[in-house]
Every structure is written in C-alpha cells, then in structure tokens.
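Report on one structure; see the data block that follows.
Numbers here are sequence positions counted from 1. Atoms considered below: every heavy atom in the structure, side chains included; atoms not considered: hydrogens, waters and symmetry mates.
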Amino acid sequence: MTGKDKRSVGELLLESDHIARAILMDVDEMDAAMMLRTWGEVVQAAGDLWQALPPVTPPQPLTGEHLPDSADLAIQQLAAMSEAMHRTGRGRAWPGDGPADERLLRIAESFARAADLISRHATPSPPLSEPEQRDLQAARTRIMHTLYVGSHGVGVAVGRRARELEMKMAARGALTTGDSLRQARAAHARLTAFEQHAGALISGTYPRELAGEHREPPAASRLAQALASWDVQAHRTLTDRVNTADLMLTARTQSLVLTACNTLARAAADFGQLDRQQYMTRLSPAVETSQERWETMARLWKDLTPPHSRRVETDLARAALETRAAVHELISDGTTIAHASAIAQGTDLSRIGRLTQQVLATNVDLAHATRDAATNPELTGAARAVHMLAIATRRHDPRDTQTIDDSPVVSWVTPRDLLSNRAVPLPDHVRSGLTASAGSLVDANMTAMSAAASLDHVSAQDSQTRQNGEPSARRGPPLQDRRLNTMSTGRPASRCER
C-alpha cells in the first residue's frame, strides 16, 4: 500500500527533533562509524532546508546597506565544518564505507521532504506578516536545535568508540588501532566544536522562539483516516514478510495508539460522553494492560533486530509517522498531554466510544498477526539477543532437567555470529518464549476489546452532565499526569483520536 506523506513542514521538523533526542536515550544502539558516515547527510539536508525557507525580514539599517543574516551565515559555517570533516574522513580506514544510521537517515529525509514542500508551494509574496515571521523563526530554531542535539549524539558515540580503542591498545600493547584511534579523536574534537557552535546559536532562542510556531486546528477526520491506513498497512506488511524491525515498529505504534485512545476516552468520560464508572473500572485498566504488553513486545523485537538491519518497510514507516503526527496534533500540548477541555475543542467526543471500539477490535487482529510472526520458522534475530534469550528461557524452563550451569558448553550461537551480531535462526525454546509473550498480548487485547463493548451506554448522571454542558465532577487523575512519550524513546509511548 503506497501512501503519500501528509505531514506538514512543522510536523516534519518536530519529528526530526524527537528522533535526535531519542538517539540520546538509546546509548547501546549507537554505532559510531554508521552515525559518522550519515551525519554529513543530515547537515547538508538541513542547509538545503534553511535555504528553502523564506528570508527573515531584517530591521532596516541606518546606512541603507544590506546586512547579512547572522543565522544564515551560521548555518553556512556549520555546513562547511561538516563538509570538511566528511572530506577528511573520506578514504580512511575509519569510519570507512558501510551502512548508514537509520535514525539519522530519517532526520535527513524529513529535512529533505520539508524543503521539497516549501519549494513546490513557494510563491512570490509581500513581506511576511508578524505571525508568519514568528513561525519562520520557530522553524529555524527547530532546525538548529535538531543539529545541536544530533551532533551531541554523534559525538557521544564517537567519543565512546575512541575510549574503546584506547582500552584495546592499553590491554594489548599493540599499534594496530593507532590510525583508527587518531581519526576517532579528531572526529570527536570536530563534533564537539560543531555542537558548541550550534548550542551558542540557540542559547538565546530555544525554547522561547517555539512559542510562535503555527499550528493548524486538528482536521476532523485525520486521526480516523490515519488509524485505518495504519491498520491496513500493518496487516499487509506482516503478511508479506517476517522482519523484527517491522514487528518492532508495529508494536511501538500500537502502544502509541492505545495510549491515545485511553486519553481520548478519559476526556470523553470527563465530559459525560462515556459512562465514567465503566471507563474507570473496566476500560482504562484493560487498555493500560494492553498498552504495556505492546511495549513489552516492542522491547523484545528491538533486542532481536540486528543493529545493521533496522530499516523498516517504507510504506509501514510512512503510515506509522502519519499516525504519530495525527495523534500529536490532537492530544499534545508541547511535551505533555493536553487538558480535556483543549481536546474537546478539537474533536467530537461523542464519537470517541465508537472509535475506541474499532481500534480495540483491529488491535486484537494485529496481536494475532504478531503471534503468527513469532511462530514463523523464517524469523531470525540478532545473535547476541538470541543467545541471552536462549540462556534465560532455558534456565527458567521447568521442563528442562539440564540447566546451563550443569552444561557450560551448551551454545545456540556460534562465536563468529556473536562477534558480528548477525541475524541467526531462533532456537525452538526461544521461539516458544516469544510465542508465549505474543499469546499474553492476544489475551490482554481480547480483554480490552470486551471492556469496550459497553461504551455506548452512558449513565444517567453523566448523560445529565453532558446535557448541562459541564464535565462530570467525578474525575480521574488529571490528563497532565500522563506524558507524551516520544520516538522517542527511542520508544514512542501511546495515544489515539478522532
């Protein structure tokens, strides 16, 4: 299912910023060589996007001469620094040729997509209005902040690589890593300079300038359309191929969808559109349990995905990004969940019950598709994660009379596979453990679907409250207590809308 990227320029920039911050949450996922090879593409795409933006209207100088924008000069400086570092490392043993970092690639792709949107829709216009100027400044601040945080992430990875090489040389007394160590140290120093320069540029603007960021009112049907497209694409992808990266994204996105649905249902209950007692005692606990099971599966698939094989199917990634953007547009307020009154202004809460029922029904089928994938004999996993899971599951298997401690020579992964952490077949007992986890996921989703069956029945008290136009006095925990967990986490948390 090929789909068109429907995200706005602002949403593309926000996604890039989230990815850059999420990189810092997953230190174990950092591969210095891959990140250094990709960083130049990010900076180049940022420079192209910056040039595509309309110029800032400067105050008129007293002399009448044109003064260059200092921020324009700054982005050119950063681009020159990145190009010089890339040119110096070209042809060297380290970082050498090889695969790119998928997360940094997504940032570069988002920048390129935003630049294309601006270029295709640009028209000659008079000087920007004051709101347009504020939105432009917010966009420039968002780009610079992404470069600032991203350069820090790449610098952390390269610095850690330099320390690893130093320890190897100290332990072996060998000089074989000498050239790579010098290149890693030089790259780290240059990245530090890049980070400090970018940080100085946003120190007086971030996050103050983001207050002027323009946001369109939520489209009435955007989330429903995004959820339907996501469900169709997820089923098609999981049917067409078995890949742990696709399974990881599917689980993360379902977690996001469920948290969103729970948030919307809470707002609907606050305003008397759903039976509060049913929501508090049955629906909310069941949905939270389902969301936690999807998060558990996402962590398992993440561990089993080899570092060099994290590229997900293109259409699945596009559908997931549109779902995240639709969710964020409706229920977020900065980095927190919006208040129920703000959510009510952007959506028809009377339709949340039906939407939640639909989501939880399709949720069950995706859980079954996940369990089917876990049982597929073609499914493979990263060697190190497979080895650890094999040890853990065998030790806790009551049917096994011989533990690892009794037989230290037992191994399910070859040393060569462990060293390269390549994809390997799953041992039977590891596959059984994954199937059991997927089975508990199915059970939790079945319970959540059953809990949503009575959402159309509103209590008499809540119905009267709705007619009076006031939210029910029987409130649960405030919405602000639940934070929007962004892709975060390296791991995006969960949410949904209408």
Tyr279 atom OH: more than 12 heavy-atom contacts under 6.0 Å
yes
Considering all heavy atoms of both residues, which atom of Ala267 and which atom of Leu349 are nearest to each other, and what is their separation?
O-CD1, 3.8 Å
State plainly whether the residues Asp116 and Arg120 are in salt-bridge range, i.e. N to O under 4.0 Å.
yes
Residues forming a salt bridge (Lys or Arg N to Asp or Glu O under 4.0 Å) with Arg384, sequence neighbours excluded
none
Please name all residues satisfying salt bridge (Lys or Arg N to Asp or Glu O under 4.0 Å) with Arg37, sequence neighbours left out, ordered by chain then number.
none
Side-chain heavy atoms of Gln273 within contact of Ile352, under 4.5 Å:
no
Any side-chain donor near an acceptor of the partner, Thr237 and Gln233, under 3.5 Å:
yes
Leu264 vs Thr356 side-chain heavy atoms within contact, under 4.5 Å:
no
Can you name the residues that form a salt bridge (Lys or Arg N to Asp or Glu O under 4.0 Å) with Glu41, not counting sequence neighbours?
none
Counting only heavy atoms from other residues, nucleotides and ligands, does the tally under 6.0 Å from CG of Asn376 exceed 12?
yes
Would you say that Met30 contacts Leu24 through its side chain, given a criterion of any heavy-atom pair below 4.5 Å between the two side chains?
yes
Salt bridge (Lys or Arg N to Asp or Glu O under 4.0 Å) pairs, two or more places apart, involving residues 141-158:
Asp17-Arg142, Arg142-Glu213
Identify each donor-acceptor pair in which a side-chain atom of residues 442-449 lies under 3.5 Å from a protein atom, sequence neighbours left out, and give them as a table.
unit_1: Asn445; atom_1: OD1; unit_2: Ser290; atom_2: OG; d: 2.0
unit_1: Asn445; atom_1: OD1; unit_2: Asn363; atom_2: ND2; d: 2.7
unit_1: Asn445; atom_1: ND2; unit_2: Leu441; atom_2: O; d: 3.2
unit_1: Thr447; atom_1: OG1; unit_2: Asp443; atom_2: O; d: 3.1

Asp135: which residues meet the salt bridge (Lys or Arg N to Asp or Glu O under 4.0 Å) condition with it, sequence neighbours left out?
none
State, with a plain yes or no, whether a side-chain heavy atom of Glu132 is found less than 4.5 Å away from one of Leu136.
no
Check: Thr250 and Trp230 side chains under 4.5 Å, non-hydrogen atoms:
yes
